J.: 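Submitted below is the structure of interest, expressed as structure tokens.
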Amino acid sequence: ATGFGGGLTSAISCPSSSDCTAGGWTYGPNSTFRAWIAIRSTAGWTVVIVDTPSDGGGNSPWQVVDSVSCSTTTVCVGAGHYTDSTGNNGFLLVTNDGWSTSTYTPVPGSASFVSCTPNGPCLASGGDNDELILGFGGREWTASRILPIPSGLSDPSADSISCSTDGICGVLAYGSDQLSGDQGYGF
């Protein structure tokens, strides 16, 4: 067992039996939470702190990696959020070299869920209530779309995303109605 210095582990993705990527947060200086990515290989675990472009260069009171998905041992995506004086801000991190480097993409609100196919295309949720869906084809994230929602429901929110090996993705979501509250649905 390996500890990650306190905090919370919120996600893990293992593209092989010996290689995994995990994400979460740990305690930082001055009562802050710092987002991290942990990489497991045959050599053991390595933890990398994720610096978000928040107020004070990473001194946001809250930074977390909420979800990770790896299509290979070197190609992974992390989704998360941080808070600063502007409110809640989402981000997506993409690596093609096993987290030696990564590309940061801002997302409005938060980014809570991500899933990638073995060939690379990914789907992620974002927005104030995870009501947006973003796609990634390997080069850049596409414009977001609002979640479809059944008639009679409002305020859609993604709850989980999973993509299969043949490139088909499913989303579990929920919305509200005035009679009974939250109602789950999938597409």
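Since this is a predicted model, take the numbers as computed values, not measurements. Residue indices begin at 1 and follow the sequence shown. Every heavy atom of this structure was used, including side-chain atoms; hydrogens, water molecules and symmetry mates were not.
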J.: Out of curiosity, F113 CZ to S69 OG, how far, rounded to the nearest 0.5 Å?
T.: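 It is 13.0 Å, given to the nearest 0.5 Å.
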
J.: Please name the pair of heavy atoms, one in S71 and one in C116, separated by the smallest distance, quoted to 0.1 Å.
T.: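 Between these two residues, the closest heavy atoms are CB-CB, 4.3 Å.
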
J.: Checking D155 now: which residues fulfil side-chain hydrogen bond (donor to acceptor under 3.5 Å, both in side chains) with it, not counting sequence neighbours?
T.: none

J.: L172: what forms a side chain to side chain contact (heavy atoms under 4.5 Å, CB included) with it, not counting sequence neighbours?
T.: S160

J.: Looking at residues at least two apart in the chain, or sitting in another chain, which of them share a side chain to side chain contact (heavy atoms under 4.5 Å, CB included) with P150?
T.: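 In terms of side chain to side chain contact (heavy atoms under 4.5 Å, CB included), with neighbours along the sequence ignored, P150 is linked to L153, Y185.
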
J.: Counting distance only, does the side-chain N/O of T95 pair as donor-acceptor with the main-chain N or O of C76 below 3.5 Å?
T.: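 Side chain of T95 to backbone of C76, a donor-acceptor pair under 3.5 Å: no, none is there.
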
J.: Under the rule for side chain to side chain contact (heavy atoms under 4.5 Å, CB included), what residues qualify as partners of S112, not counting sequence neighbours?
T.: D66, S110, S125, D130

J.: So which heavy atom on I39 is nearest to which on G98, and how close?
T.: CG1-O, 4.3 Å

J.: So which atom in V107 and which in G126 form the shortest heavy-atom distance, rounded to 0.1 Å?
T.: CG1-CA, 3.8 Å

J.: Is the closest side-chain heavy-atom distance between W99 and T74 below 4.5 Å?
T.: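 Answer no - side chains too far apart.
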
J.: Indicate the atoms forming the closest heavy-atom contact of C70 with S13, along with that distance.
T.: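 It is N-OG, 2.9 Å.
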
J.: Mind running side chain to side chain contact (heavy atoms under 4.5 Å, CB included) on V94 and T105 for me, showing each step along the way?
T.: CA-CA 8 Å; V94 177; T105 301; 5.6 Å; no

J.: Would you please name every residue forming a side chain to side chain contact (heavy atoms under 4.5 Å, CB included) with C169, sequence neighbours left out?
T.: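 Checked C169 against side chain to side chain contact (heavy atoms under 4.5 Å, CB included); matches are L123, C163.
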
J.: For W25, is there any backbone N or O sitting under 3.5 Å from a side-chain donor or acceptor partner on W36?
T.: yes

J.: Under the side-chain hydrogen bond (donor to acceptor under 3.5 Å, both in side chains) test, which residues partner D19, sequence neighbours left out?
T.: S16

J.: Kindly compute the distance separating OG1 (T103) from CG (N96), expressed to the nearest 0.5 Å.
T.: 7.0 Å

J.: Check whether R34 reaches the backbone of I49 with its side chain - one donor and one acceptor, N or O, closer than 3.5 Å.
T.: no

J.: Rounded to the nearest 0.5 Å, how far does CD1 of I161 lie from CG of L134?
T.: 8.5 Å

J.: On a heavy-atom basis, which atom in G78 and which in V68 lie closest, and how many Å separate them?
T.: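 Smallest interatomic distance, heavy atoms only, reads CA-CG1, 4.1 Å.
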
J.: Are any non-hydrogen side-chain atoms of T21 and I37 less than 4.5 angstrom apart?
T.: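 Yes - at least one pair of side-chain heavy atoms lies under 4.5 Å apart.
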
J.: Mind listing the closest non-hydrogen atom pair of F91 and H81 along with its distance?
T.: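 What the structure gives for the nearest pair is CE2-N, 3.3 Å.
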
J.: What distance separates R40 CZ from T73 OG1, expressed to the nearest 0.5 Å?
T.: 13.0 Å

